[in-house]
Amino acid sequence: MFQLGYDNWAGAPDSVHIQGFNRSANFYFMFDFPFKTDPRLSIGAGLGIGSSNIFFHNQEVLVAAVGAGTLGFPSEDGSDHWKKYKLVTTYLEAPVELRFALDPEHMDNSWKFAVGVKIGLMLSAYTKAKDRQNSVGQTIASYIEKESSKQFFNTPRLAGTARISKGVIGLFGQFSATSLIKTSAGPSVFPFSMGITLSGL
């Protein structure tokens, strides 16, 4: 199963300047276990990788700050800033779904519905900044800077999922039940995603 989605954070305070087309890409190897009593119903389970890219406007995310107790989001409005700046998180995930297919004998053309959960473990969290600009948008230095640390983030993740498909193409939604940032390290924000999914099951 392959998914491409639009991502954002529920509960983000006004001081967090998320902007642009935030996106995710997920890829899972899935197995389907039909019910013997009703082949329209099945349990799907698998393992894979999920990643999320959240972009910020004139703001940094200090994931690698040494000695800091909380995750900083310093604003760079009206001063030198990054042209592009994003936070990238990657998870090892195990999705489990309860599935219903209207026509299980012809899955490539059938309507299919699924609800489930994803259990994840954060593999990495890093920021990527590109091209330093001055206050009027002129490039003053062209380079890429990366900083990596998981110190402020909850590494386990539990998310609810839903999916509807016709044949191999469908739509999905996902909402995290756990906050991305540790309770003591910053605001409680809950990532969510919605987009397109490709799956034969």
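Here the structure is a predicted model, which is why all the values come from computation and not from measurement.
Between the side chain of E97 and the main chain of G116, no donor-acceptor pair closer than 3.5 Å is present. The backbone N or O of N8 lies less than 3.5 Å from no partner atom in the side chain of N22, so there is not a single donor-acceptor pair. No donor-acceptor pair closer than 3.5 Å links the side chain of Q3 to the backbone N or O of A25. T139 places no side-chain N or O within 3.5 Å of a backbone atom of A141 that could act as its donor or acceptor partner. Distance alone, capped at 3.5 Å, is enough to place a donor-acceptor pair between the Q151 side chain and the A65 backbone.
Counting heavy atoms from C-beta outward, S199 and M30 have side chains that stay 4.5 Å or more apart. Considering only heavy atoms from C-beta on, N26 comes within 4.5 Å of K118 through its side chain. You'll find the side chain of F190 stays beyond 4.5 Å of the side chain of F192, heavy atoms only. Here the side chains of F35 and L98 are in contact, with some heavy-atom distance below 4.5 Å. For the pair V63/F153, a side-chain contact is recorded, criterion being any heavy-atom separation below 4.5 Å from C-beta on. With contacts defined as side-chain heavy-atom distances shorter than 4.5 Å, the pair D103/N109 does not qualify.
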Derivation of the side-chain hydrogen bond (donor to acceptor under 3.5 Å, both in side chains) call for T90 and S51: CA-CA 4 Å; T90 304; S51 65; 5.3 Å; no
Residues L180, N154; criterion side chain to side chain contact (heavy atoms under 4.5 Å, CB included); working and verdict: CA-CA 6 Å; L180 174 66; N154 287 313; over 6 Å; no
Verdict with reasoning, Y143 to W82, per ring-ring contact (aromatic ring centres under 6.0 Å, His included): CA-CA 10 Å; Y143 64 99; W82 295 103; 5.4 Å; yes
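Partner Q133 forms a side-chain hydrogen bond (donor to acceptor under 3.5 Å, both in side chains) with one of K84, E76, H81, Q138 and no other, that one being H81.
Atom NZ of K182 has more than 12 neighbouring heavy atoms from other residues, nucleotides or ligands inside a 6.0 Å radius.
The cationic atom of R23 (NZ for Lys, CZ for Arg) does not lie both less than 6.0 Å from the six-membered ring centre of Y6 and within 45° of the ring axis.
A salt bridge links E93 with R157: the distance from a Lys NZ or Arg NE/NH1/NH2 to an Asp or Glu carboxylate oxygen falls below 4.0 Å. Between R132 and D80, none of the side-chain N atoms (NZ, or NE/NH1/NH2) sits under 4.0 Å from a carboxylate O, so this pair counts as no salt bridge.
Checked against a 6.0 Å centroid threshold, the rings of F29 and F27 count as neighbours.
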